[in-house]
2 protein chains.
Amino acid sequence: MSDDDEITLGRIETEVALLMRFGEATRRATGTAEHRVLDRAAYVILRHLDTAGPQNVSALAARLNLDGSTVTRQVSALQRDGLIVRAPDPTDGRGTVISPTPAGLQRMAAVQNARTRLYGDMLADWSTEDRTTLATLLGRLNQALVNRNRPR
Amino acid sequence: MSDDDEITLGRIETEVALLMRFGEATRRATGTAEHRVLDRAAYVILRHLDTAGPQNVSALAARLNLDGSTVTRQVSALQRDGLIVRAPDPTDGRGTVISPTPAGLQRMAAVQNARTRLYGDMLADWSTEDRTTLATLLGRLNQALVNRNRPR
DNA sequence: GATAAGTACCTGTACGATACAGCTATCTGA
DNA sequence: TCAGATAGCTGTATCGTACAGGTACTTATC
């Protein structure tokens, strides 16, 4: 590996670490404040239910890299708030199928819109190409992460 | 905002959310495992001390977007492990200057190298241009985040 | 220079997110 | 049919964090 490559990798490492820290802080600030609409895992659970359809706890846990017990508790909280419903899995007596409620989807969409607007504000002076490139490269980075965690 | 822009922003939002989740999981997995070398905040504290020089708790807290009490505890843990030293601030009797020890810098560098290598593995099939572009765009994204949080 | 207001740090306490271990109910393959 | 696997839940522990309050020190005002 050349020195230049080393430097670039170091920059990526730094920027990702920074991004994680900012994201944490932002989530904390906006989550604790006026909204308290959706905590971190609740949002990703609802998103995943929306895009990938109703599914059981184990599938969610595997997809989100979380322990089953964690998802159980998150789902219980979501159910308490009326954002998801549990139904017995008709094909497997052990399973429980989690589906989002209209209220849950609406709540998720509201958070999603707020975040999208936030990015729109922050990236207001970016060119269309730069935005597209960022989205693409982040997608590839995530894919690389997935491949590393689940090499097949 | 055009529909295309909206879609791109949505993609960015999605990818950042994914990245945060993967990063969490990765940190958890590598942190709990063989190493237990440095938890999240300890690593960023040591990094910051390395790049920005010795400084007091308040400065660290402000820079890391953390509560002062949180940094106090992190610093105490780092001191217990011999990775930093506390010294009275000669210019302010209330203050305490935190400096990394050689052991602390070494530990930090080891983690940093491991992470950099990890990125090198993951991005092995990326072109040099793509890597550089990712580093640059992530840097600009973080800058945009900073500007939003601390508008001046 | 006395005193009020501000600041730096620490400690007590609480909470949220998570993991692991163990439990019960159910399923599946030999 | 039954032994082992799996799905989900609950108990418990840990970690990172915030907020509130205390103490020691500093700075500004008169």
Side-chain angles (χ1 to χ4, degrees), chain A residues 17 20-33 35-45 54-81 84-99, chain B residues 17 20-33 35-46 54-81 84-98:
Chain A
M20 299 267 296
R21 187 129 289 277
F22 281 130
E24 278 281 314
T26 301
R27 178 185 65 82
R28 203 176 309 281
T30 60
T32 312
H35 298 102
R36 188 77 257 175
V37 275
L38 281 181
D39 48 32
R40 171 173 43 180
Y43 176 62
V44 289
I45 287 175
Q55 57 200 283
N56 61 30
V57 174
S58 303
L60 278 173
R63 188 63 172 253
L64 303 177
N65 273 310
L66 290 175
D67 190 83
S69 65
T70 300
V71 175
T72 291
R73 282 174 239 264
Q74 294 284 348
V75 163
S76 298
L78 286 167
Q79 183 178 37
R80 169 175 41 75
D81 296 343
I84 60 98
V85 288
R86 278 180 165 107
D89 187 335
T91 71
D92 186 337
R94 298 164 300 177
T96 313
V97 177
I98 315 296
S99 307
Chain B
M20 299 268 297
R21 187 129 289 278
F22 282 130
E24 277 282 313
T26 301
R27 177 185 65 81
R28 206 175 307 279
T30 59
T32 312
H35 298 101
R36 187 76 257 176
V37 274
L38 281 182
D39 50 29
R40 172 172 43 178
Y43 175 62
V44 288
I45 286 175
L46 281 172
Q55 55 200 283
N56 61 31
V57 174
S58 304
L60 278 173
R63 189 63 172 251
L64 304 177
N65 272 313
L66 289 175
D67 191 83
S69 64
T70 300
V71 175
T72 290
R73 281 175 239 265
Q74 295 284 350
V75 163
S76 298
L78 286 168
Q79 184 178 34
R80 168 175 42 73
D81 296 343
I84 60 99
V85 289
R86 279 181 165 106
D89 187 335
T91 72
D92 186 338
R94 299 164 299 177
T96 313
V97 176
I98 315 296

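Just so we're on the same page: letters track the sequence lines, and every chain starts at 1.
Between the CG atom of A/L60 and the P atom of D/dA7 there is a distance of 13 Å, rounded to whole Å. Spacing between atom CD1 of A/I45 and atom P of C/dG16 amounts to 16 Å, rounded to whole angstrom units. Taking atom CG of B/N56 as the reference point, atom P of D/dC25 lies 16 Å away to the nearest angstrom. Following rounding to the nearest Å, B/N65 (CG) and D/dC19 (P) show an atom-to-atom distance of 12 Å. One atom, CG of B/D67, and another, P of C/dT13, lie 17 Å apart when rounded to the nearest Å. In this structure, the OH atom of A/Y43 is 16 Å from the P atom of C/dA17, given to the nearest Å. The separation between A/L66 atom CG and D/dG8 atom P is 14 Å, rounded to whole Å. Straight-line distance from the CD atom of A/Q74 to the P atom of C/dG16: 11 Å, rounded to whole Å.
For the residue pair A/N56 and A/S58, no side-chain donor N or O sits within less than 3.5 Å of a side-chain acceptor on the partner.
Donor-acceptor pairing under 3.5 Å, judged by distance alone, is absent between the side chain of B/S76 and the base of C/dC10. With hydrogens and angles ignored, a donor-acceptor pair closer than 3.5 Å exists between the side chain of B/S69 and the base of D/dC19.
Scanning residues 86-93 of chain A for heavy-atom distances under 4.0 Å to DNA chain D yields A/R86.
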Output, in order, the C-alpha distance, side-chain angles, deciding distance and verdict of side-chain contact (heavy atoms from CB on, under 4.5 Å) for B/Q55 and B/V97. CA-CA 5 Å; B/Q55 55 200 283; B/V97 176; 5.9 Å; no
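Across all their heavy atoms, A/L78 and A/A42 have their closest contact at CD2-CB, 3.7 Å. Counting all heavy atoms, side chain and backbone alike, A/S76 lies closest to A/R86 at OG-NH2, 3.1 Å. The shortest non-hydrogen separation linking A/V44 to B/R21 is CG2-NE, 3.8 Å. Across all their heavy atoms, A/P54 and A/S99 have their closest contact at CB-OG, 3.4 Å.
Residues A/R94 and A/R73 each lie close to DNA chain C; by heavy-atom proximity, the contact nearer the 5' end of the strand is made by A/R73.
Residue A/S58 places no side-chain N or O under 4.0 Å from the OP1 or OP2 atom of D/dT6. In this model, the phosphate group of D/dC9 is approached by a side-chain N or O of A/T72 to a distance below 4.0 Å at OP1 or OP2.
Between D/dT17, D/dG8, C/dA8, one nucleotide has an atom nearer to the side chain of B/T70 than all others, and that is D/dT17.
Within the model, atoms CG of A/L66 and CD of A/Q74 stand 7.5 Å from one another, a figure rounded to the nearest 0.5 Å.
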